[in-house]
Amino acid sequence: MTKIAVLAPNGNRASPYRVEGNALVKRVQERHIYRLRQAVGIDEAVWQEHKDEVDVVRFEFPDGSIREIEADEFARKSFLHGDGARFAVTRFIVLADLTLVKDGMRPLFAFN
């Protein structure tokens with residue numbers, strides 16, 4: 001397992017990434033979900049650096065669920081969003097395009 005350190009444009013440490021075998025894995029937090037488009041993403045810089053060495057992009061959600069997509073399909077179906085100044089340019093994939101690998105223990109979106 002290789003951990004990947006990423007800094008956000010504001011200098012804070014960004015989302016934790018790692019490479020496990022042939023998978024690029026992101027541990028998603030609630031704030032990482034693009035709710036308007038129902039999508040989740042990988043920082044474009046991380047994707048560009050690792051896209052040739054991985055076959056799968058995997059997302060671990062706060063509810064305990066795990067969803068993934070083949071890397072070539074991720075490249076084909078994803079879209080870019082972000083301005084690079086306030087928000088890192090991110091390659092998003094809609095949740096509906098991800099395959100559920102492990103079900104979670106609580107609702108993905110908890111409304112209080």
Side-chain angles (χ1 to χ4, degrees):
M1 174 174 61
T2 305
K3 290 187 179 182
I4 303 166
V6 177
L7 295 180
N10 64 8
N12 291 337
R13 189 167 189 278
S15 189
Y17 294 96
R18 66 186 186 278
V19 174
E20 283 184 355
N22 68 342
L24 175 59
V25 181
K26 178 179 182 178
R27 189 169 25 137
V28 178
Q29 297 175 9
E30 292 283 338
R31 63 188 167 96
H32 297 143
I33 299 170
Y34 185 8
R35 292 180 192 270
L36 183 63
R37 298 282 303 265
Q38 292 295 292
V40 67
I42 299 286
D43 287 16
E44 179 64 3
V46 172
W47 173 246
Q48 291 300 323
E49 185 175 334
H50 297 282
K51 68 181 182 178
D52 294 331
E53 65 187 80
V54 298
D55 298 325
V56 173
V57 178
R58 184 174 299 141
F59 298 93
E60 298 174 343
F61 288 87
D63 69 345
S65 66
I66 298 173
R67 300 166 192 264
E68 64 184 28
I69 187 169
E70 291 185 17
D72 60 343
E73 193 174 355
F74 177 80
R76 190 169 44 84
K77 292 184 174 183
S78 59
F79 62 94
L80 292 174
H81 180 71
D83 59 13
R86 291 179 305 143
F87 302 103
V89 176
T90 304
R91 184 168 292 275
F92 282 94
I93 188 80
V94 295
L95 295 173
D97 287 334
L98 300 175
T99 301
L100 181 65
V101 176
K102 178 185 172 222
D103 205 0
M105 300 301 288
R106 58 189 167 101
L108 182 57
F109 301 109
F111 297 103
N112 296 331

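Residue numbers count from 1 along this sequence.
- Atom CG of Asp63 is separated from atom CG of Asp103 by 7.5 Å, given to the nearest 0.5 angstrom.
- Tyr17 places a side-chain N or O within 3.5 Å of a backbone atom of Asp43 that can act as its donor or acceptor partner.
- In this structure, the side chains of Val46 and Leu24 come closer than 4.5 Å at one or more pairs of heavy atoms.
- Between the side chain of Ser65 and the backbone N or O of Phe61 there is no donor-acceptor pair closer than 3.5 Å.
- Relative to the six-membered ring of Phe79, Arg91 misses at least one condition, a distance below 6.0 Å or an angle of at most 45° to the axis.
- Summarising the geometry, atom NZ belonging to Lys77 is positioned 10.0 Å from atom CD belonging to Glu70; distances are rounded to the nearest 0.5 Å.
- Using a 4.5 Å cut-off on side-chain heavy atoms (C-beta onward), Phe92 and Leu80 make no contact.
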Going through the checks in order, is the side-chain contact (heavy atoms from CB on, under 4.5 Å) test met by Val56 and Glu68?
CA-CA 7 Å; Val56 173; Glu68 64 184 28; 3.6 Å; yes

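- Closest heavy-atom contact between Val28 and Pro62: O-CD, 3.4 Å.
- Scanning both residues, Ala71 and Val57, for their nearest heavy atoms gives CA-CG2, 4.3 Å.
- Taking every heavy atom of both residues into account, Phe59 and Gly41 meet most closely at CE2-O, 3.8 Å.
- Going from atom CD1 of Ile42 over to atom CH2 of Trp47 covers 8.0 Å, rounded to the nearest 0.5 Å.
- Annotation: the span from Asp97 atom CG to Glu73 atom CD amounts to 6.5 Å, rounded to 0.5 Å.
- Inter-residue side-chain proximity for Val101 and Arg67 is flagged as unmet; no heavy-atom pair is nearer than 4.5 Å.
- What you find for Val54 and Ala23 is that their closest heavy atoms are CG1-C, 4.0 Å.
- By the rule that hydrophobic residues join a cluster once side-chain heavy atoms approach within less than 4.5 Å of another member, Ile93 and Leu95 end up as members of one cluster.
- In this structure, Leu100 is not a member of the same hydrophobic cluster as Leu98, with clusters built from ILVMFWY side-chain heavy atoms closer than 4.5 Å.
- Scanning both residues, Ser78 and Ala75, for their nearest heavy atoms gives OG-O, 3.6 Å.
- Taken together through direct or relayed side-chain contacts under 4.5 Å among Ile, Leu, Val, Met, Phe, Trp and Tyr, Val40 and Ile66 form parts of separate hydrophobic clusters.
- Using a 4.0 Å cut-off between a side-chain N of Lys or Arg and a carboxylate O of Asp or Glu, Arg58 and Glu60 do not qualify as a salt bridge.
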